[in-house]
Amino acid sequence: MKKPAFYTELSYVLGILFLSFGTSLMTKADFGLSMVVAPAYLIHLKLSPYFSFITFGVASYLFQAVILIVLSVVLRRFKISYLFSFVTAVIYGFALDGFILLTKNIPAEALTVRIALFAAGILLSTFGICLCFHTYISPEAYDVFVKDIATVKGFNIGKTKTVYDFSSLALSVILSFCFFGLFEFRGIGIGTA
């Protein structure tokens, strides 16, 4: 009997769904988000009281658009795959907003519930990232930025990813201080990794 094939398109869809669901659970747990998505979350927190359409998902894909523009300027070229990467960011943003709506009524006051939500969010996000790596479809801008900078500039991809992650963390800390005051961390916490 022949084993069924696991199509990359299914891996792409499931990867985005698991990643966005995991992010929504981590948001609900409020222990801090991934340093990669924290800047978009902080932009959402700052702008949403004034512009109701700036949801976490919208802030996420708009921030990724800026990342792709910066990448094009730094590399002095634009690749059509960047448009597909933006489409992935938009799909992720809509899925993220959908899952945030679905999880908004989960009571998360108890510490044990928050820990469970965060743990489930980490597991789902990790699984989602793994699935996204098994597809030929353009990943989100965060991954494209690291890969293209490392490839074109001849940098080690692991070190480039580390520099990118720490830069995102620094940006998140700066945004938190600028938006909400000194020593008031939002979107960043013990769960930020």
Legend entry - Derivation of the side chain to side chain contact (heavy atoms under 4.5 Å, CB included) call for Phe166 and Thr162: CA-CA 6 Å; Phe166 279 110; Thr162 300; 3.6 Å; yes
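For the pair Ile67/Tyr164, a side-chain contact is recorded, criterion being any heavy-atom separation below 4.5 Å from C-beta on. Using a 4.5 Å heavy-atom threshold, the side chains of Thr23 and Tyr92 count as touching. Residues Leu42 and Ser172 form a side-chain contact, since some pair of their non-hydrogen atoms from C-beta on lies under 4.5 Å apart. In this structure, the side chains of Phe51 and Val58 stay at 4.5 Å or more apart for every pair of heavy atoms.
The heavy-atom pair separating Thr160 from Ala150 by the smallest distance is OG1-CB, 3.7 Å. Pairing each heavy atom of Phe86 with each of Ala65, the nearest pair is CE1-CB, 3.6 Å.
Under the side chain to side chain donor-acceptor pair (under 3.5 Å) criterion, the residue pairs touching residues 61-71 are Ser60-Gln64, Gln64-Glu140, with sequence neighbours excluded. Pairs of residues two or more places apart, or lying in two chains, that qualify as side chain to side chain donor-acceptor pair (under 3.5 Å) and include a residue from residues 67-90 are Tyr12-Thr88, Lys79-Asp148, Tyr82-Asp148. Counting only residues at least two apart or on different chains, no side chain to side chain donor-acceptor pair (under 3.5 Å) pair has a member in residues 103-115.
Under a 3.5 Å cut-off, the side chain of Ser176 and the backbone N or O of Glu184 do form a donor-acceptor pair. Side-chain atoms of Thr135 do not come within 3.5 Å of backbone N or O of Glu9 as any donor-acceptor pair.
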